[in-house]
S.K.: 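One structure is given below, represented as structure tokens, and several questions about it will come after.
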There are 2 protein chains.
Amino acid sequence: MPNRVTIADVARLAGVSTMTVSRVINAKGDVRDATRLRVQRAIDQLEYRPSQAARTLTTRRSHTLGLLVPDITNPFFPEIVRGAEDVAWERGYLVSLANTVEDNDRERAALEHFEAHRVDGLIVCSARLPEAALGAALRRHQAVVLLNRRVADEHVASLEVDDALGTRLAVAHLASTGHRTIGLLAGPRRSSSSSKRRLGYHDGIEAAGQRFDASLVEDGEPSEDGGHRALRALLARRPDVDAVVCYNDVVALGALAAARDLGRDVPGALALVGCDDVRLASLVHPPLTTLRIDTYALGRQAAELLFERLRDEPPRHVVVAPELVVRASAPSMPPLTRERTRT
Amino acid sequence: MPNRVTIADVARLAGVSTMTVSRVINAKGDVRDATRLRVQRAIDQLEYRPSQAARTLTTRRSHTLGLLVPDITNPFFPEIVRGAEDVAWERGYLVSLANTVEDNDRERAALEHFEAHRVDGLIVCSARLPEAALGAALRRHQAVVLLNRRVADEHVASLEVDDALGTRLAVAHLASTGHRTIGLLAGPRRSSSSSKRRLGYHDGIEAAGQRFDASLVEDGEPSEDGGHRALRALLARRPDVDAVVCYNDVVALGALAAARDLGRDVPGALALVGCDDVRLASLVHPPLTTLRIDTYALGRQAAELLFERLRDEPPRHVVVAPELVVRASAPSMPPLTRERTRT
DNA sequence: ACCGGTCCCGTGAGCGCTAACACCCGTTGC
DNA sequence: GCAACGGGTGTTAGCGCTCACGGGACCGGT
């Protein structure tokens, strides 16, 4: 590691002032073609790379975005990260990533860490912090986009999946295919998408002319294990359940395993609907009926919303609608017909 | 966004010099308890966060690691990223992520980007750049760990999966369960794990007393689509193939779909072995026989190796062995027995 | 001849920290 | 009594850039 090349070295070699070199690099102000060429040559020859740290110090722009996810290992997030990183890349920005690991302290600490690093903007996915703490932490950042969470702060943009609609669609689908006792694996209480799903479930049930019954709703962790446990608990209480809407696909996978363990045929004895359309969903057996969201596009849009904020445009609040994808775990035909078509 | 609080503000409020504040923050040098307390209170009151940019400028340490992956969307990588990020986090480091998208220009550009941002260290996963370009780019970084790639440069540490061993194990397993015409979906030529797999395949075939035949090897992109295409190409040329070892699980998934499309029963008419033991592998139908690697641990270890380099310890070259996980896509029993046990 | 304007480039200051040293003062040693 | 020492603190300079100026050269208009 030789001593770093600085802008002064380039300036000396090119026979100009550092300011001229700076102007060439940033394509700002007028520089004569001949000069620009000399500078360019010096840069190439010395393999000079401007220090982003020094630039950050003077311009107060780090050209870095912070991206906070609960857990990159959850198949919902890599696509989002990829989408956001692609957009950042196109704009010459770098993305710093932090996992909160579903831990409030770590979430808070990560937000501070990003602050110390002076990220220009922040995308926070599925924040779990309570409103007050989250609001306080975000207020210290210049530009923030919240994914699947809303906060009462005028300068924070947000991007949400319409989970209520999704769950409503799922319930409607199940009801229309003859299911009379539809349960809900509702996920973690503090998550905002969970409460939206509860809402959509309630509305969907009533819209289908059925009676809402709280004993058909079961909380649980958003993991395979959580889904497994939740379905067993639900079926123990309400063995008459003939269909279940799950918090997400991972939970649905756990539920699927539980159904198999309990000897319940899916979809014959129990129809299952997931959510997110993770790639897994189409590959398991039976393939999962689920609610599709284009997560890559979600990530891109989150970044776009952030750059809008960085250009000082007013924060927007975008809601995207999921789309029901019907597969074998909750097929289109009513149960009786389905039995006939089976070989 | 009010004006940023600086160290000078804290110093003024606490009635000391900025140097003393700095000493408190960095727990460096001696400060009287009473003074430390006053400074601490001032920091808390002003909610002061030291600017990492300024620190980077003076200390030449950014407390940031760069992490380069081909594509975070490939299920092999999130666990690695998570492992590396966890270790970085424990050490107070932030991780900047870049996807190369299997594009050499972007890979090169990302390395430069990281250089401009003065990351303290770099983890590069599955670099695709040709040796010369890669070496040149890496030489400009202080500390580098290469994952699944080796480079002739004494200061670069590396961490490799023994893919040759893995493939050998897979071939041995297939041969011992009665398969006589074993193919290989070898992945992208320029990838180093691909050449290691070719090697292991060759050795495995000969060790099993069979004859190596180049027409049984098929290249392809490391994606589902690539696997689909590759298997079709291979079977078109060699319809007699009765088992296939795949570049990774994602490719195996594509191959599985292709087999289904061609009406080939798996494992009845074609046994399939994947690689990586992505979670998907155990959930598809039939579950994939594959080579397991603890990717989370891999990510952690990569970061550990990097921190060793940052402490100026000599670079190490670690090789981890994969482990064969037998599932239904290439079961333990020889084909004939397997037919009987079917219901 | 003078003024204003545009193009091109340099000067000086300062972004917010910390390394290195200088300094002061109360001990301790002889 | 004075040197030597070390804990506690301040001073100075500079890390590598860019902002805000300023100013010379050269143009055209009056």
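Worth knowing before you read on, the calculation uses all heavy atoms, side chains too, and leaves out hydrogens, waters and symmetry mates.
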S.K.: Do A/Ile25 and A/Tyr48 come within less than 4.5 Å of each other through their side chains, counting heavy atoms only?
M.R.: yes

S.K.: Judged by each residue's nearest nucleotide on DNA chain D, which is more toward the 5′ side, B/Ala54 or B/Gly15?
M.R.: B/Gly15

S.K.: Atom CG of A/Asp30 and atom P of C/dG10: how far apart are they, to the nearest Å?
M.R.: 14 Å

S.K.: Is the distance from OP1 or OP2 of C/dG16 to the nearest side-chain N or O of A/Arg60 less than 4.0 Å?
M.R.: yes

S.K.: Without decimals, in angstroms, what is the distance between A/Leu57 CG and D/dC15 P?
M.R.: 13 Å

S.K.: It should be established whether A/Ser17 places a side-chain nitrogen or oxygen under 4.0 Å from OP1 or OP2 of nucleotide C/dG10.
M.R.: yes

S.K.: Counting heavy atoms from C-beta on, name the nucleotide in D/dC19, D/dC15, C/dG16 closest to the side chain of A/Thr59.
M.R.: D/dC19

S.K.: Short of 4.0 Å, heavy atom to strand atom, which residues of residues 19-26 of chain A count as contacting DNA chain C?
M.R.: A/Met19, A/Thr20, A/Arg23

S.K.: If only side-chain N and O atoms of B/Arg32 are considered, is one of them under 4.0 Å from the OP1 or OP2 phosphate oxygen of D/dG7?
M.R.: no

S.K.: With sequence neighbours excluded, what pairs up with A/Phe114 under the ring pair (Phe, Tyr, Trp, His ring centres under 6.0 Å) test?
M.R.: none

S.K.: Starting from the 5' end of DNA chain C, give me the residue, B/Lys28 or B/Ala53, whose nearest nucleotide shows up first.
M.R.: B/Ala53

S.K.: Would you check if there is a donor-acceptor pair between the side chains of B/Arg55 and B/Asn26 at a distance under 3.5 Å?
M.R.: yes

S.K.: Under 4.0 Å, heavy atoms only, any strand: does A/Thr35 hit a base, just the sugar-phosphate, or nothing?
M.R.: sugar-phosphate

S.K.: Taking only side-chain nitrogens and oxygens of A/Arg55, does any of them come within less than 4.0 Å of OP1 or OP2 of D/dC17?
M.R.: no

S.K.: What's the CG-C1' distance between B/Asp9 and C/dC17, to the nearest Å?
M.R.: 13 Å

S.K.: Between A/Arg61 (CZ) and D/dC19 (C1'), how many Å, whole number?
M.R.: 16 Å

S.K.: Taking the inter-plane angle between the rings of B/Tyr93 and B/Phe307 on a 0 to 90° scale, is it parallel (under 30°), tilted (30 to 60°) or perpendicular (over 60°)?
M.R.: perpendicular

S.K.: Taking atom C1' of C/dG10 as reference, at what distance in whole Å does atom CZ of A/Arg12 sit?
M.R.: 16 Å

S.K.: Given side chain to side chain donor-acceptor pair (under 3.5 Å), test B/Ser192 with B/Ser195 step by step and report yes or no.
M.R.: CA-CA 5 Å; B/Ser192 104; B/Ser195 31; 5.4 Å; no

S.K.: Mind listing the closest non-hydrogen atom pair of B/Ala302 and B/Val145 along with its distance?
M.R.: O-CG2, 3.7 Å

S.K.: Please give, in whole Å, the distance from D/dG16 C1' to A/Arg49 CZ?
M.R.: 16 Å

S.K.: Could you state the CD-P distance from B/Gln52 to C/dC15, rounded to the nearest angstrom?
M.R.: 19 Å

S.K.: Apply salt bridge (Lys or Arg N to Asp or Glu O under 4.0 Å) to residues B/Glu308 and B/Arg316 and explain how you reach the verdict.
M.R.: CA-CA 9 Å; B/Glu308 287 177 14; B/Arg316 292 199 289 144; 2.8 Å; yes

S.K.: Can you check the A/Arg36 CZ to C/dC7 C1' distance for me, whole Å?
M.R.: 13 Å

